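The shown structure was predicted, so the numbers you read here are calculated from the model rather than taken from an experiment. Nothing fancy with the numbering, it's 1 onward along the sequence. Counting starts at 1 for both ligands and their atoms, in listed order.
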Amino acid sequence: MTILKKEHEEQLVGAICCEKIDSLLQQSDFVMVVVSLTPQTHKLIGKREMELMKPMATLINISRGCCLQMALKRHFYSNLGAVVDQEALVRALQAGVIRAAALDVTYPEPLPRLPSVFSSQKHAHDSAVRVPGALREAQQARRWQRLPPPGFHILDMEDQELPYVLIDCIGGKHGVYEDHVEFLKKHFCLITMKEYLENKKFLGEKITAIYMWYHKPVIDEELLQILPNLKVVANSGVGIDHLDLNLLSSFGVKVSNTPFVASMDTADLGMALMLASARRLVEGYQMAVSPDTEYFPADWLGVEVSGTTLGIIGMGTIGYKVAQRAKAFDMKILYHNRNQRNKEEESAVGAIYCKKIDDLLQQSDFVMLAVTLTPQTHKLIGKRELELMKPTATLINISRGLVVDQDALVEALQNKVIKAAALDVTYPEPLPRDHPLLKMKNVIITPHIGSATKETRRLMMKNMTESIEAALTGLPIPNEVLL
Ligand SMILES: O=CC(=O)O
């Protein structure tokens, strides 16, 4: 807040000083508490402050939950304890005043085991302090399933003016999000797979586009044969490895994807996986909430990220955004890519090109995979490549599971050829529940969530709409995937 007084320091990091804490609280999506605990900062963030925060905001505390000296001298500081008023925080989280909290510090430490809102709530096994927002979203998702799909009327005159676009279904686990439907219905007459199957002959002739939301509906030759007027498949996300581009092209069907909107979120997730793996976040969380924890051991260590070497394999839009983020962590950045980036792009992030992937593998502390899955990148990282990596290195995969030879990875982790892995993607997805990767402490796995944020998914939907409209009016298709 008030520490960055000098203008040049502010400019260096692009920080804006808020003289009043209130204005910071009101504007921030994430509020990170980094102050020392003093009598002045004691319970600096209380009920009033939390109520000033956005309902979607997250409070992060890496300063002090409690100060040992103060705890010891509790009789002197009977009303001292922490920078955050923890009781107020619990109430704020329970009431949905703020979305979430992420705490490296609490008072006391560890928190009392049971009963405690931090360890005893219904969803205490989730990897975060309770998040009322997430509960709300789950309830909403359930509500979607209960609602009948929005009506589709073939005879509606207004609908007939709109292009007929095939979707898989609405709502549920795999369907088009219900809150996207209002927007989509302004542009298209949406036909669900179920409706199409019930009226194949009529609708087959009318459908001119497929809106492929997370790989659904599945497109095969049989479907293409029944859709003679199909012009375009708009695919959500970046990866198109689930599509047979040659087959689509042989039917004269164009394809688009949404490579740019998903790149920031995917790069963020790459960083999150790298940090979480290095700092053993998942294990740490489990220790913090375990009913058996009596003290926090001082010999429980992770490895540092700042100042180490990151090797990025695949320097496309996502890889480059990872590099931009890693630069802020003072990392040495190596990259391997089919094509070398130009000098300006390289120096903007301080990245060094490795023409040979082997050089990158040998030098990196973290190897991050951000390539597209193609026949050339299929099992790009196998036994040989893993053996080239440092025994202290971590492999992070935010691209596609099949870029890595998964059996070789299991073996490398078991034999300590490399230290750890953090994977957003595997094959298959999800992994069979008895898969060895699921049992390893040095492996973090997330459920393919690179682009899984509300805003990005909405932007994706808008991109897909633009691509369909362009294709149907004969305009150049934004983000057309070329063979
Ligand atoms: O994996 C996600 C995507 O391809 O966008």
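Enclosure of atom NZ in Lys439 by more than 12 non-hydrogen atoms of other residues, nucleotides or ligands within 6.0 angstrom is indicated. A 6.0 Å sphere centred on CE of Met264 holds no more than 12 heavy atoms belonging to other residues, nucleotides or ligands.
Checking Asp265 against Thr453 by side-chain atom types alone, a donor-acceptor pair falls below 3.5 Å. The closest side-chain donor-acceptor pair between His242 and Asn235 falls under 3.5 angstrom.
Note on ring orientation: taking the six-membered ring where Trp is involved, the planes of Tyr353 and His336 are parallel (angle under 30°, cut-offs 30° and 60°).
With a 6.0 Å cutoff to the six-membered ring centre and a 45° limit on the axis angle, Arg280 does not count as a cation-pi contact of Tyr285.
Ligand 1 lies under 4.0 Å from heavy atoms of Gly237, Val238, Gly239, Arg400, His448.
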